[in-house]
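In the text below, chain A, chain B and the rest are named by the order of the sequence lines, each starting its count at 1.
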Amino acid sequence: MNAPRFLLAAACLLLASTAHAADTAAWARVLFLHDHNTRVVVVGTSLLGLTAGVVGSFLLLRKRALLGDALAHATLPGIAAAFLLGEAIGLQGKSLPLLLTGAAVTGAIGLGAVLVIRQLTRLKEDAALGIVLSVFFGVGVALLGIVQKTPTGHAAGLESFIYGKTASMLRSDAYLIAGAAAVIAGVCGLFRKELALLCFDADFAASQGWPVRALDVLLMMLAISLTVIGLQAVGLILVIALLVIPSAAARFWTDRLGLMAATAGGLGAAAGYLGAMVSALWPKMPAGAVIVLTAAAFFMLSMLLGPARGILPRAFRRIALAHALTQARRP
Amino acid sequence: MIIQRPTGSEHSLDAALSIHDLTVAYHRKPVLWDVDLDVPEGSLVGIVGPNGAGKSTLIKAAMDLVPKASGRVMIYGQPYRKQRRLVGYVPQRESVDWEFPVSALDVVAMGLYGRIGWCLPVTRKYRDMALAAMERVGIADLAHRQINQLSGGQQQRVFLARALAQDARVYFMDEPFAAVDAATEKAIVQLLRELRAKGRTALVVHHDLQTVAEYFDRVILLNTRLVAHGPTTQVFTSRNLHETYGGRLNLLDEAAEAIGRQKVTA
């Protein structure tokens with residue numbers, strides 16, 4: 001994986017050249033992770049990116065990537081409702097575990113709603129996704145309006161969950177995210193064989209007595225957990241990008257599932273790392289957007305250069321083959 | 001003790017597969033209607049019928065992959081649920097995405113996952129077993145190819161090797177002969193005969209009426225309901241084929257020709 005390393009170096013150079021002389025100390029401190037708080041946040045976000053790449057690889061191969069988007073949007077009402085609930089029972093409103101639990105609950109309900117609509121009606125999946133995504137997001141926006149009217153609501157900054165803001169992450173938040181990401185990645189690794197079988201040939205798996213439905217639930221739970229811990233860093237609108245882009249990019253590099261998941265994890269981690277650093281340097285810069293744009297740059301490079309299915313290597317192989325054929329035809 | 005069944009149908013207890021009054025419906029429209037049959041051990045059975053006759057549905061319902069409206073399926077006298085390890089499955093080739101990032105060996109090893117068990121890796125021992133299964137269908141040299149670099153016939157053989165690796169006693173195969181090259185067709189026939197010699201049973205969804213008599217000992221003629229089932233020489237008659245395929249002319253010509261060939265070989 002030379003491209004990610006190259007990109008990282010390029011981005012660092014870019015950062016260095018654009019920083020004002022007066023800020024030199026600041027960016028150097030951030031870049032080399034001198035500051036403990038920054039270090040924790042950057043490590044947490046990188047681990048998040050890594051895990052997103054791994055989970056995303058399975059989600060993509062199960063052809064469920066867009067389900068991840070519906071579930072991400074469905075977390076918003078949960079965040080707002082959890083905040084209101086916390087206020088009502090006298091808790092400190094912005095307790096991250098409570099908010100994320102709320103997010104997970106409505107995310108799971110949204111996911112279930114898609115499956116129920118598809119099962120009970122003859123609507124296709126895209127219609128079900130469109131309905132659930134917009135309705136749940138609408139409910140979330142309405143609830144946020146109510147939150148704004150509460151005395152502490154305005155200062156709570158729940159909007160940062162929509163677009164993501166690593167700068168607002170506390171050290172304890174970062175620990176929570178890093179720990180959860182490590183657990184999710186571990187579960188993926190543990191069940192890699194079963195998940196691969198599910199993604200490749202669910203009917204065959206069922207014929208052998210593998211609990212296909214339970215494995216699907218496991219995969220969806222991994223996706224929900226990843227989405228929920230990704231809310232703070234990239235925000236609910238963009239978390240889908242972290243699931244899809246690194247894994248889609250990784251597919252250009254290799255024809256092996258294990259390597260694909262590892263490459264996706266590497267690309268996701270690099271995107272998370274850069275995004276969190278930029279956000280630490282310029283707190284106004286939305287980290288989610290930076291992470292997604294970095295991942296998109298990796299994707300472009302992979303699409304062009306990826307040795308397994310990239311455009312240029314494929315064209316090169318075609319030309320080489322044509323050349324060999326003309327050589328062979330010569331007397 | 002002999003349990004009297006309400007339908008009064010007779011089933012032998014040592015049949016490799018027995019299907020009791022099986023009915024399957026999609027959206028209230030029956031796809032299979034009251035199918036009832038016994039398949040003796042060690043037979044090669046062709047499942048034949050027009051498109052939409054419920055051939056694939058029959059084997060999928062037998063493996064609990066589609067819900068049954070009614071009926072039971074027994075493998076060696078026990079419900080399918082208890083006998084999964086005895087059953088091997090070769091799905092239709094188009095049922096999976098061949099762009100999936102795995103090697104041919106990886107796919108064949110999937111037939112061993114049940115034996116390997118939860119969360120444990122595919123070790124050298126199992127890779128060797130998978131390779132041995134690939135050897136039997138003549139594709140061991142393709143083990144490390146990505147599966148989309150294989151021809152249709154080679155992909156079909158990967159599926160067969162996966163089922164072989166399972167070392168099952170009853171095999172369900174969904175159109176293994178569809179769109180394969182002559183070499184693959186030969187390899188499949190060879191394999192079916194090997195299986196029969198070992199006392200294994202195979203039920204094969206088959207489209208080519210010309211080869212039914214040559215490949216299969218028994219035939220199931222299906223068109224939503226069971227038209228006929230039994231030894232090919234007795235059941236594969238032009239009258240039964242007429243009943244199975246209805247009035248479709250070109251198919252009937254094909255059937256007549258097939259009968260003619262059968263008489264010549266018999």
### Task
Just jot down the side-chain contact (heavy atoms from CB on, under 4.5 Å) partners of A:Ala104, sequence neighbours excluded, or say none.
A:Ile224, A:Val228
### Query
Side chain, backbone, both or neither: which part of B:Val90 has a non-hydrogen atom closer than 4.5 Å to chain A?
neither
### Query
Under a 4.5 Å cut-off applied to non-hydrogen side-chain atoms, are A:Leu259 and B:Pro101 in contact?
no
### Task
Heavy atoms only: give me the nearest B:Gly111-A:Phe204 pair and the separation to one decimal.
CA-CZ, 4.0 Å
### Message
List the residues meeting side-chain contact (heavy atoms from CB on, under 4.5 Å) with A:Ala248, not counting sequence neighbours, and say none if there are none.
### Response
A:Leu60, A:Phe299
### Task
Taking atom CG of A:Leu176 as the centre, report whether more than 12 heavy atoms of other residues, nucleotides or ligands fall under 6.0 Å from it.
yes
#### Entry: Best-contacting candidate, A:Cys199, A:Ala196, A:Ala202, against chain B by heavy atom pairs under 4.5 angstrom
A:Cys199
Using only the distance criterion (under 3.5 Å, no hydrogens considered), which donor-acceptor pairs connect chain B with chain A?
{"unit_1": "B:His27", "atom_1": "ND1", "unit_2": "A:Arg122", "atom_2": "NH2", "d": "3.4"}
{"unit_1": "B:Tyr80", "atom_1": "OH", "unit_2": "A:Ser207", "atom_2": "O", "d": "2.5"}
{"unit_1": "B:Val87", "atom_1": "O", "unit_2": "A:Gln208", "atom_2": "NE2", "d": "3.4"}
{"unit_1": "B:Asp97", "atom_1": "OD2", "unit_2": "A:Lys63", "atom_2": "NZ", "d": "3.2"}
{"unit_1": "B:Glu99", "atom_1": "O", "unit_2": "A:Arg251", "atom_2": "NH2", "d": "2.6"}
{"unit_1": "B:Glu99", "atom_1": "OE1", "unit_2": "A:Arg309", "atom_2": "NH1", "d": "3.4"}
{"unit_1": "B:Glu99", "atom_1": "OE1", "unit_2": "A:Arg309", "atom_2": "NH2", "d": "2.3"}
{"unit_1": "B:Pro101", "atom_1": "O", "unit_2": "A:Leu257", "atom_2": "N", "d": "2.8"}
{"unit_1": "B:Gly117", "atom_1": "O", "unit_2": "A:Lys193", "atom_2": "NZ", "d": "2.6"}
{"unit_1": "B:Cys119", "atom_1": "N", "unit_2": "A:Glu194", "atom_2": "OE2", "d": "2.8"}
{"unit_1": "B:Leu120", "atom_1": "O", "unit_2": "A:Lys193", "atom_2": "NZ", "d": "3.0"}
{"unit_1": "B:His144", "atom_1": "O", "unit_2": "A:Arg256", "atom_2": "NH2", "d": "2.8"}
{"unit_1": "B:Arg162", "atom_1": "NH1", "unit_2": "A:Asp201", "atom_2": "OD2", "d": "3.2"}
{"unit_1": "B:Arg162", "atom_1": "NH2", "unit_2": "A:Asp201", "atom_2": "OD2", "d": "2.8"}
{"unit_1": "B:Gln166", "atom_1": "NE2", "unit_2": "A:Gln208", "atom_2": "OE1", "d": "2.7"}

### Set of side chain to side chain donor-acceptor pair (under 3.5 Å) partners for B:Arg196, sequence neighbours left out
B:Asp217
### Message
At a 4.5 Å cut-off on heavy atoms, which part of A:Leu215 comes close to chain B: side chain, backbone, both, or neither?
### Response
side chain
